[in-house]
Amino acid sequence: MKTTANLLAAVAVCLMLGCSKASVPGEYQGTLPAADAPGILTTLTLNPDNTFILTSVYLGKDENAFTETGSYAVNSQGIIELGGEGLRYLKQEDDGSLSVLTLDKEEPEGPLRSYYKLEKTKKL
């Protein structure tokens with residue numbers, strides 16, 4: 001009986017804290033597709049205080065970094081919403097990586113779909 005109570009307590013904690021996903025705060029990096037460049041080297045830092053820093057470098061261009069800051073929120077569906085210059089959406093995958101979603105909060109379609117991903121490089 002005590003084992004069942006402990007198991008139920010552990011399940012309740014997992015449901016409240018979201019044990020099925022890794023922690024959202026961290027540094028993520030990847031090269032996203034670009035229409036007029038070989039790619040966009042993207043680094044996204046999601047801080048524990050719900051602020052973010054997004055740095056983008058267009059490869060093959062002047063390679064100056066564009067940096068944007070703002071706040072983020074995780075909605076009830078688990079989608080990360082970045083505020084700032086333009087609203088963007090991301091979804092945390094089971095492996096801890098982030099998939100970049102369309103403005104309709106859908107995963108991109110087509111042959112470049114797998115490139116819209118940022119891998120977690122550091123926990124915060």
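- Leu98 is not connected to Val57 by any chain of hydrophobic side-chain contacts under 4.5 Å among Ile, Leu, Val, Met, Phe, Trp and Tyr, and they are in different clusters.
- Rounded to the nearest 0.5 Å, atoms OG1 (Thr31) and OH (Tyr115) are 10.5 Å apart.
- A donor-acceptor contact shorter than 3.5 Å links the side chain of Asp95 to the backbone of Ser97.
- Dense packing is recorded around OH of Tyr89, with more than 12 heavy atoms of other residues, nucleotides or ligands lying under 6.0 Å away.
- Rounded to the nearest 0.5 angstrom, Glu27 CD and Leu118 CG are separated by 11.0 Å.
- Atom CZ of Phe52 is separated from atom CG of Leu90 by 9.5 Å, given to the nearest 0.5 angstrom.
- Take Asn50 and apply the side chain to side chain donor-acceptor pair (under 3.5 Å) test, not counting sequence neighbours, and it matches no residue.
- Residue Thr102 holds its OG1 atom at 9.5 Å from CD of Glu107, rounded to the nearest 0.5 Å.
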**OP:** Would you check, one step at a time, whether the test side chain to side chain contact (heavy atoms under 4.5 Å, CB included) holds for Arg88 with Val100?
**Re:** CA-CA 8 Å; Arg88 286 168 301 265; Val100 180; over 6 Å; no
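- Atom CG of Leu103 has 12 or fewer heavy atoms from other residues, nucleotides or ligands within 6.0 Å.
- Proximity of Tyr72 to Val24: side-chain heavy atoms (C-beta onward) are separated by under 4.5 Å at one or more points.
- Using modelled atom types and a 3.5 Å distance limit, the side chains of Asp49 and Thr51 yield a donor-acceptor pair.
- Lys120 places a side-chain N or O within donor-acceptor distance of the main-chain N or O of Ser23, the cut-off being under 3.5 Å.
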Table please: side-chain donor-acceptor pairs of residues 33-45 below 3.5 Å, with sequence neighbours left out.
unit_1: Thr42; atom_1: OG1; unit_2: Ile40; atom_2: O; d: 3.0
unit_1: Thr43; atom_1: OG1; unit_2: Gln29; atom_2: NE2; d: 3.0

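- Here the CD-CD1 distance, from Glu68 to Ile53, works out to 11.5 Å after rounding to the nearest 0.5 Å.
- Under the 4.5 Å side-chain criterion, counting only non-hydrogen atoms from C-beta, Leu46 is not in contact with Leu124.
- Glu81 places a side-chain heavy atom less than 4.5 Å from the side chain of Lys105.
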